[in-house]
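Data block below; observations after.
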Amino acid sequence: MTPSPPSPHGSDPREPKAAKAPRDPKKIPAEKAAVRKSVTEKTAAEKTVAETATGKKAAGRKAAGKKVAEKKTAAAGKAITKKAVTAKTTTKKAVASAVAKKAVAKKAGTKKAVAAKRSVSREAPPAGPLEVALSPALDADDRERLLHGTHHQPHAVLGAHPAPGGIVFRAFRPYARSVAVVTGDLRAELHDDGDGFFSGLLPLREVPAYRLVVAYEDTVQETEDPYRFLPTLGDLDLHLIGEGRHEELWTVLGAHPLTHQGVAGTRFCVWAPNARAVRLAGAFNFWDGIGYPMRSLGSSGVWELFVPGIGEGELYKFDITRPDGSRTQRADPMARRTETPPATSSVVESSHYEWGDEEWLARRGERPAHEAPLSIYEVHLPSWRPGLTYRQLAEQLPAYVKELGFTHVELMPIAEHPFGGSWGYQVTGFYAPTARLGTPDDFRFLVDALHRAGIGVLMDWVPAHFPRDDWALAEFDGRTLYEHEDPLRAAHPDWGTLEFDYGRREVRNFLVANAVYWCEEFHIDGLRVDAVASMLYLDYSREPGQWTPNEHGGRENLDAVAFLQEMNATVYRRVPGVVTIAEESTAWDGVTRATHHRGPSGFGGLGFGLKWNMGWMHDSLEYMSHEPVYRRYHHGEMTFSMVYAYSENYVLPISHDEVVHGKKSLVSKMPGDWWQQRANLRAYLAYMWAHPGKQLLFMGQEFAQGAEWSEEHGPDWWLLDPAYGAEADHRGVRELVGDLNSVYRSTPALWERDTSADGFAWVVGDAADDNVLAFLRRDADGTPLLAVSHFSPVVRHDYRLGVPDDIPAWYEVLNTDAGRYGGSDVFHPDPVKPEPQPWHGHPASVSLTLPPLSTVWLRPA
């Protein structure tokens with residue numbers, strides 16, 4: 001480093017004149033080439049007073065104007081110069097070294113320092129090029145920590161900072177050949193301090209708005225300095241993050257394009273409390289984060305950096321220095337968009353979508369979900385029509401679902417996941433719709449299209465676990481963070497994944513805010529929460545000795561209970577009209593009870609709106625799998641569900657889980673020949689639609705697909721091709737599903753009192769030898785529907801059933817044996833009148849002909 005050069009306009013008149021050293025002819029062209037134009041430097045150097053060998057201060061006035069040759073002298077020379085000097089004599093090197101070292105130790109001064117301060121206090125710096133003085137040396141520890149990625153406060157040393165004599169500018173630009181500061185019409189070249197550090201002292205009163213001109217080997221860039229900006233997060237945000245109560249967490253963490261202090265750029269924020277330091281790496285810096293260290297925002301554990309000039313579409317990751325000094329590059333846990341797998345980078349994203357579903361949102365909360373018609377078509381988007389994007393799906397899926405009459409679709413998880421074969425149940429990007437099918441706004445377009453078609457959108461949500469990929473959440477900042485610190489509670493025994501630490505408030509906040517995010521940002525109408533049972537029990541799939549009891553000695557995961565209660569309460573409070581649905585397979589008390597109501601177990605309810613009835617699904621499919629001749633011995637499997645039907649608010653699910661991995665498709669589970677299999681399926685579906693509870697059917701089962709579902713090719717749509725010989729058989733089942741939904745939606749008795757025992761009454765539930773089940777469903781006004789299921793392959797004539805005596809006649813509104821569905825067409829064309837003959841405990845009865853393997857619905861004429 002060379003001392004400050006004299007000015008071409010003359011030296012300070014208060015200083016003794018010194019001979020001008022000749023300018024190095026090699027240096028000037030190099031400097032010009034670095035910035036692509038002529039630069040004449042103008043600087044004002046700060047002078048300090050050295051201490052004597054005995055520790056006493058030398059008189060500043062006596063030291064002024066003297067040139068000291070001895071190394072042990074007590075004072076350093078001071079010169080305010082205005083022109084570059086490149087003569088590197090031994091004496092001048094010694095003086096420069098003394099000035100640089102003592103400027104750090106000494107901040108007060110002499111008459112020379114006072115003179116320098118007076119030059120700073122001018123109203124404005126002189127117009128034209130500025131000469132740059134040597135700045136106080138960067139502390140060696142700061143320098144090393146910046147070079148090795150362990151600095152937690154880079155803004156404290158980089159950027160522009162007031163100092164005696166003016167403003168110190170420091171830039172850390174590895175690989176740069178030169179860096180200049182530009183402010184207004186003024187320009188000043190910074191000194192090259194080595195290792196990518198550049199600095200200089202300018203005689204300014206206060207820190208100006210400035211830019212950097214950075215010259216590399218083959219290019220010159222003019223850019224804003226990221227280290228001149230104040231933090232972008234306020235105290236309230238940091239307080240809420242620390243308390244685990246930031247319900248809009250996605251608005252502060254992650255990457256957000258915005259204008260800050262009048263400059264456009266992107267704010268990057270990440271929660272990594274165990275990290276020694278965090279740097280930002282991306283395509284914009286060739287994935288080398290050395291020059292982009294982030295600052296720690298105190299005890300919140302949040303790291304932040306505003307990068308000017310970075311906008312939407314940029315790829316990025318966080319380069320984290322772990323507590324042990326090793327480094328790891330991680331995708332952003334809060335990324336709202338990702339690269340298409342198998343690529344793993346996060347993408348800067350902003351939404352520009354304009355919604356058109358105001359009418360849908362305004363009326364979706366008119367009825368609670370458990371008192372409204374709710375029939376669900378479950379879809380795996382990537383394979384429903386393989387190869388279609390979100391926007392292409394928006395052209396086909398709403399029309400298809402509307403034609404079938406379903407009220408809702410349920411999307412298997414669409415949050416980003418690395419392995420397609422997980423179907424989305426091993427999530428790495430909790431805030432990003434999978435990029436396989438398009439952008440987040442493309443997904444919004446699909447949701448909007450479904451809403452405008454009158455179809456609600458439910459989404460599978462997976463807060464139970466996450467995969468171990470080393471670029472995602474696992475040991476995110478070098479230690480357990482999102483997962484539980486106890487290895488027995490962190491590792492999920494079934495799936496090789498990690499379980500969330502629901503007891504940590506920041507982790508709980510991450511998940512609660514995520515539930516709100518999907519509902520508010522994407523207008524999702526409900527969340528089906530996956531694997532709730534695995535969250536609720538500490539001993540889930542664990543042997544004795546592999547789990548630790550809770551503080552009361554029980555097996556309940558109290559942290560998970562508190563999380564689910566908070567999630568449900570928050571979602572229902574913030575987003576009226578949505579519904580949360582639990583996939584919970586045990587007898588946990590109060591899954592759909594309000595969180596503030598305590599049950600017999602002492603726990604408040606979990607607060608879900610609905611719960612999957614896994615018991616009904618298992619029992620009814622077990623019954624249907626038997627040959628009709630043996631069904632009499634399993635009759636109770638079809639009636640047992642009514643013992644507990646009103647303990648929760650239920651959904652009856654025939655989901656993807658029941659038609660994969662060797663379980664066979666729904667029609668293939670049925671016994672008998674092809675005709676009987678289809679007849680059994682039709683009778684079963686109508687029984688399901690009439691049973692108390694909401695309905696869910698997985699794609700492909702609506703047209704009796706014979707093969708198991710595979711995510712690699714999706715439903716066998718070719719079965720509905722008119723050129724296929726058995727097309728009518730499959731289309732008949734699809735016609736039935738459409739009619740089931742149509743009659744269901746127009747018949748309040750089938751849904752209005754799903755959760756009230758007053759809405760159901762057995763007519764006959766013990767006719768095991770006949771394989772017959774008959775019951776009444778009633779709406780809020782008492783209007784009934786009679787449902788009769790006959791699971792034998794014979795016709796039963798004159799089968800008598802008890803009915804109320806206040807209905808003058810019944811007419812058939814649905815018969816699964818109709819010829820157009822592929823049945824034998826045994827039906828009742830005329831109204832059926834009750835006879836005053838008591839039967840089955842009712843004052844009147846009707847005599848019916850029961851078709852083989854069928855379900856018949858009758859309503860009052």
Side-chain angles (χ1 to χ4, degrees), residues 357-381 384 393-394 396-412 446-460 518-519 522-528 575-581 592 608-613 649-656 685-703 734-755 759 777 779-780 785 813-814 857:
D357 61 351
E358 295 82 4
E359 183 180 347
W360 169 268
L361 296 180
R363 60 183 176 84
R364 72 176 177 182
E366 292 176 352
R367 279 180 176 270
H370 62 279
E371 296 177 356
L374 188 67
S375 60
I376 304 165
Y377 184 62
E378 187 185 25
V379 178
H380 180 251
L381 280 181
W384 185 74
L393 285 164
Q396 299 186 32
L397 183 61
Y400 183 78
V401 175
K402 187 172 184 178
E403 180 184 1
L404 286 175
F406 286 97
T407 66
H408 290 71
V409 294
E410 180 178 313
L411 308 180
M412 290 168 65
L446 172 60
V447 174
D448 201 359
L450 287 161
H451 283 171
R452 285 184 276 110
I455 300 162
V457 182
L458 310 176
M459 186 187 98
D460 276 15
W518 289 105
C519 295
F522 293 94
H523 294 195
I524 297 297
D525 301 294
L527 301 172
R528 177 265 193 185
V575 198
V578 302
V579 61
T580 59
I581 307 169
T592 59
F608 285 94
L610 298 166
K611 171 184 172 176
W612 273 20
N613 193 334
N649 305 334
Y650 283 115
V651 174
L652 311 178
I654 301 299
S655 73
H656 64 278
L685 290 174
Y687 160 77
M688 170 183 173
W689 254 252
H691 190 285
K694 312 307 179 183
Q695 298 79 37
L696 179 142
L697 188 66
F698 184 60
M699 65 183 193
Q701 312 316 301
E702 76 275 13
F703 57 82
R734 200 183 79 161
E735 290 292 324
L736 170 66
V737 171
D739 289 348
L740 284 172
N741 280 319
S742 177
V743 177
Y744 168 78
R745 295 177 76 162
S746 64
T747 307
L750 291 173
W751 44 263
E752 197 169 40
R753 302 173 78 182
D754 267 334
T755 60
R777 297 293 307 278
D779 63 18
L785 176 137
V813 292
L814 187 135
W857 292 354

Exercise. Give the C-alpha distance, both sets of side-chain angles, the deciding distance and a yes or no for side-chain contact (heavy atoms from CB on, under 4.5 Å) between Met699 and His380.
Key: CA-CA 8 Å; Met699 65 183 193; His380 180 251; 3.7 Å; yes

Practice problem: Check the pair His691, Leu652 against side-chain contact (heavy atoms from CB on, under 4.5 Å), reporting the backbone distance first and the verdict last. | Solution: CA-CA 9 Å; His691 190 285; Leu652 311 178; 3.8 Å; yes

Practice problem: Check the pair Leu381, Leu397 against side-chain contact (heavy atoms from CB on, under 4.5 Å), reporting the backbone distance first and the verdict last. | Solution: CA-CA 9 Å; Leu381 280 181; Leu397 183 61; 4.0 Å; yes

Exercise. Applying side-chain contact (heavy atoms from CB on, under 4.5 Å), run through Phe698 and Ile654 and close with a yes or a no.
Key: CA-CA 6 Å; Phe698 184 60; Ile654 301 299; 5.8 Å; no

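Considering all non-hydrogen atoms of both residues, Tyr400 and Tyr377 come closest at CE2-OH, 3.5 Å. Heavy-atom minimum distance, Phe406 versus Arg745: O-NH1, 3.6 Å. Taking all atoms of both residues into account, the shortest heavy-atom contact from Ile455 to Pro398 is CD1-O, 3.4 Å. When every heavy atom of Val578 is checked against every heavy atom of Ile524, the shortest pair comes out as CG1-O, 3.8 Å. Minimum interatomic distance between Ala690 and Trp857 (heavy atoms only, all atoms of both residues): CB-NE1, 3.6 Å. Closest approach of Ala394 and Ala449 over heavy atoms only: CB-CB, 3.9 Å.
Of the candidates Glu410, Met459, Glu378, Met412, Arg528 forms a side chain to side chain contact (heavy atoms under 4.5 Å, CB included) with just one, namely Glu410. Checked options Asn741, Leu740, Leu685; the residue passing with Leu697 is Leu685 (criterion: side chain to side chain contact (heavy atoms under 4.5 Å, CB included)). Among the candidates Thr580, Leu458, Val651, the single residue satisfying the side chain to side chain contact (heavy atoms under 4.5 Å, CB included) test with Leu610 is Val651.
Atom CG of Asp739 is separated from atom CZ of Arg734 by 11.5 Å, given to the nearest 0.5 angstrom. With rounding to the nearest 0.5 angstrom, the OH atom of Tyr650 is 14.0 Å from the CD1 atom of Ile581. With values rounded to the nearest 0.5 angstrom, Ser742 atom OG is found 11.5 Å from Leu404 atom CG. Interatomic distance, CG of Asp357 versus CZ of Arg364, reported as 8.0 Å (0.5 Å rounding). Rounding to the nearest 0.5 angstrom, the gap separating the OG1 atom in Thr407 from the CD1 atom in Ile376 is 6.5 Å. The CH2 atom of Trp689 sits 14.0 Å away from atom OG1 of Thr747, with the distance rounded to the nearest 0.5 Å.
Taking a cutoff of 4.0 Å between a charged side-chain nitrogen and a carboxylate oxygen, Glu358 and Arg363 do not qualify as a salt bridge. Taking a cutoff of 4.0 Å between a charged side-chain nitrogen and a carboxylate oxygen, Glu752 and Arg367 qualify as a salt bridge.
At a threshold of 4.5 Å between non-hydrogen side-chain atoms, the residues Val379 and Val401 do not count as touching. Within the 4.5 Å cutoff, the side chain of His523 has heavy atoms near those of the Leu361 side chain. Within the 4.5 Å cutoff, the side chain of Leu750 has heavy atoms near those of the Leu785 side chain.
Remark: Gln396 CD is packed, more than 12 non-hydrogen atoms of other residues, nucleotides or ligands lying under 6.0 Å away.
Every residue meeting the side-chain hydrogen bond (donor to acceptor under 3.5 Å, both in side chains) condition with Arg777, not counting sequence neighbours, appears here in chain and number order: Asp754. In this view, Asn649 satisfies the side-chain hydrogen bond (donor to acceptor under 3.5 Å, both in side chains) rule with no residue, not counting sequence neighbours.
In terms of modelled atom types and a separation under 3.5 Å, the side chain of Trp751 and the main chain of Tyr744 share a donor-acceptor contact. Here the side chain of Glu702 pairs a donor or acceptor atom with the backbone of Gly700 at under 3.5 angstrom.
The aromatic rings of His408 and Trp360 sit perpendicular to each other, their planes meeting at more than 60°, with 30° as the lower class boundary.
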